[in-house]
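Contents: one structure, followed by commentary.
By convention here, the first residue in the shown sequence is residue 1. The figures here come from the full heavy-atom set of this structure, side chains too, leaving out hydrogens, waters and symmetry mates.
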Amino acid sequence: MEGGTVFSPALEGMKHVKSENGDLLTKQFLDVCKLILPILDKFGAAMAVVKSDIGGNISRLESKYGTNPTRFNYLYSFVQAEIETKTAKSSSSCTNGLLWLTRAMDFIVELFRNLALHQDWSMSQACTDSYSKTLKNFHGWLASSSFSVAMKLAPDRKKFMEVMGGSGNINGEMEKFCTTFSPILQEIHKFLASVGMDEMKAS
């Protein structure tokens, strides 16, 4: 992308995630999440598990959206439909997919916030700190252990930032990504909490 960083497409996409009434739109939100996957590729093996988890949850929500784009035009319509059929708490539900997708995005936002704020931190330090503030609370021993192993594979920070920057202002765009995306994620958490769907944990 001319004159941009790896964050530019996602930042552009975030301008369109809400309807005129301020409701979150399914396709546009999932598109922004998909634009974050190429950013995770730059981490190499360290983010393989997170990336596959995010990709799986996006696919789950996308295929449900595809069954009835009008009905599922708004992000929360998945959850409302599943609450009606009492399937929201199932591990294969779209509600669960949305919850874990949002948690994974929390982790990514926190990670880039750490990289922007703590210029002296190593990559694995930034990863571990953001993990402990976000996903760790919901992961059991197994998931936490495999995550800790993966973090040891985190790339060198300097090289990573060079790859990320392209020809744009990487720190500026990284901060903008965090400040723009964070309130959207908070809104989703708030909604899931309001319907009692924010407690699910992993083994």
Side-chain angles (χ1 to χ4, degrees), residues 5-7 9-11 13-14 17 24 29-61 75 91 95-119 121-155 157 160-161 163-164 170-171 173-193 197-203:
T5 71
V6 292
F7 292 105
L11 283 168
M14 283 180 211
V17 296
L24 281 170
F29 174 73
L30 294 177
D31 284 348
V32 166
C33 294
K34 275 200 278 196
L35 289 168
I36 292 162
L37 295 176
I39 302 175
L40 297 186
D41 281 336
K42 314 274 185 221
F43 283 91
M47 289 288 171
V49 176
V50 176
K51 188 185 170 206
S52 102
D53 198 44
I54 291 171
N57 286 323
I58 292 173
S59 299
R60 182 189 302 186
L61 292 163
L75 194 58
S91 61
T95 303
N96 201 30
L98 177 61
L99 176 65
W100 283 102
L101 179 59
T102 309
R103 285 173 177 170
M105 293 297 154
D106 287 338
F107 162 69
I108 290 159
V109 166
E110 197 58 48
L111 170 56
F112 289 123
R113 191 178 279 134
N114 276 342
L115 290 174
L117 291 176
H118 305 283
Q119 305 286 337
W121 281 15
S122 72
M123 183 59 87
S124 63
Q125 197 175 355
C127 288
T128 305
D129 179 80
S130 44
Y131 177 67
S132 66
K133 285 181 186 160
T134 55
L135 288 168
K136 193 177 191 339
N137 306 328
F138 307 106
H139 277 173
W141 180 82
L142 194 66
S144 291
S145 309
S146 53
F147 204 91
S148 305
V149 171
M151 288 306 101
K152 293 185 171 61
L153 306 169
R157 178 183 174 135
F160 176 78
M161 296 304 268
V163 174
M164 295 274 281
I170 183 65
N171 277 326
E173 290 225 321
M174 196 153 68
E175 284 187 43
K176 194 174 173 196
F177 170 81
C178 297
T179 54
T180 312
F181 205 26
S182 196
I184 296 169
L185 299 173
Q186 286 315 312
E187 199 180 306
I188 298 171
H189 281 303
K190 208 167 160 183
F191 169 76
L192 289 170
M197 292 296 160
D198 59 337
E199 295 299 315
M200 292 181 258
K201 301 200 173 200
S203 53

*Any chance you could measure L30, atom CG, to R60, atom CZ, to the nearest 0.5 Å?*
12.5 Å

*Check: F112 ring centroid to F181 ring centroid under 6.0 Å*: no

*Are any of the side-chain heavy atoms of M123 and M151 separated by less than 4.5 Å?*
no

*Counting N and O atoms only, with roles assigned by atom type, does the side chain of S146 sit under 3.5 Å from a partner on the main chain of A143, one being a donor and the other an acceptor?*
yes

_I need the minimum non-hydrogen distance between A116 and E175, along with the two atoms involved._
CB-CG, 3.5 Å

_Under the side-chain contact (heavy atoms from CB on, under 4.5 Å) test against I36, which residue among V6, I58, I108, V109 passes?_
I108

*Find the distance between CE (M47) and CG (L111) and round it off to the nearest 0.5 Å.*
5.0 Å

_Taking every non-hydrogen atom, the tightest pair across C127 and A154_ = SG-CB, 4.4 Å

*Carefully, step by step, assess D41 and K51 under the rule side-chain contact (heavy atoms from CB on, under 4.5 Å).*
CA-CA 8 Å; D41 281 336; K51 188 185 170 206; 2.8 Å; yes

*Could you name each residue pair satisfying salt bridge (Lys or Arg N to Asp or Glu O under 4.0 Å) that touches residues 122-143, not counting sequence neighbours?*
E110-K133, D129-K133

*For residues N57 and L101, report the shortest heavy-atom separation together with the two atoms involved.*
ND2-N, 3.9 Å

*Can you tell me how far OG of S182 sits from CZ of F177, rounded to the nearest 0.5 angstrom?*
9.5 Å

*Apply side-chain contact (heavy atoms from CB on, under 4.5 Å) to the pair L153 and F43, showing each step before the final yes or no.*
CA-CA 8 Å; L153 306 169; F43 283 91; over 6 Å; no

*Step by step, work out the side-chain contact (heavy atoms from CB on, under 4.5 Å) result for M161 and R157.*
CA-CA 6 Å; M161 296 304 268; R157 178 183 174 135; 4.2 Å; yes

*asked:* Looking at every non-hydrogen atom in both residues, tell me the closest pair between T5 and E173 and how far apart they are.
replied: OG1-OE1, 2.5 Å

*Would you give the length of the straight line joining atom CG of L115 to atom CH2 of W121, rounded to the nearest 0.5 angstrom?*
9.5 Å

*Show the numbers, then the answer: is there a side-chain contact (heavy atoms from CB on, under 4.5 Å) between M105 and I184?*
CA-CA 10 Å; M105 293 297 154; I184 296 169; over 6 Å; no

*Do you know which two heavy atoms are closest between A104 and I54, and how far apart they sit?*
CB-CG1, 3.6 Å

*Measuring from L24:CG to F29:CZ, what's the distance to the nearest 0.5 Å?*
7.0 Å

_Side-chain heavy atoms of M197 within contact of L98, under 4.5 Å_ = no

*CG-CG distance between L99 and D198, expressed to the nearest 0.5 angstrom*: 7.0 Å

*Parallel, tilted or perpendicular: which fits the ring planes of W100 and F138, with parallel below 30° and perpendicular above 60°?*
perpendicular

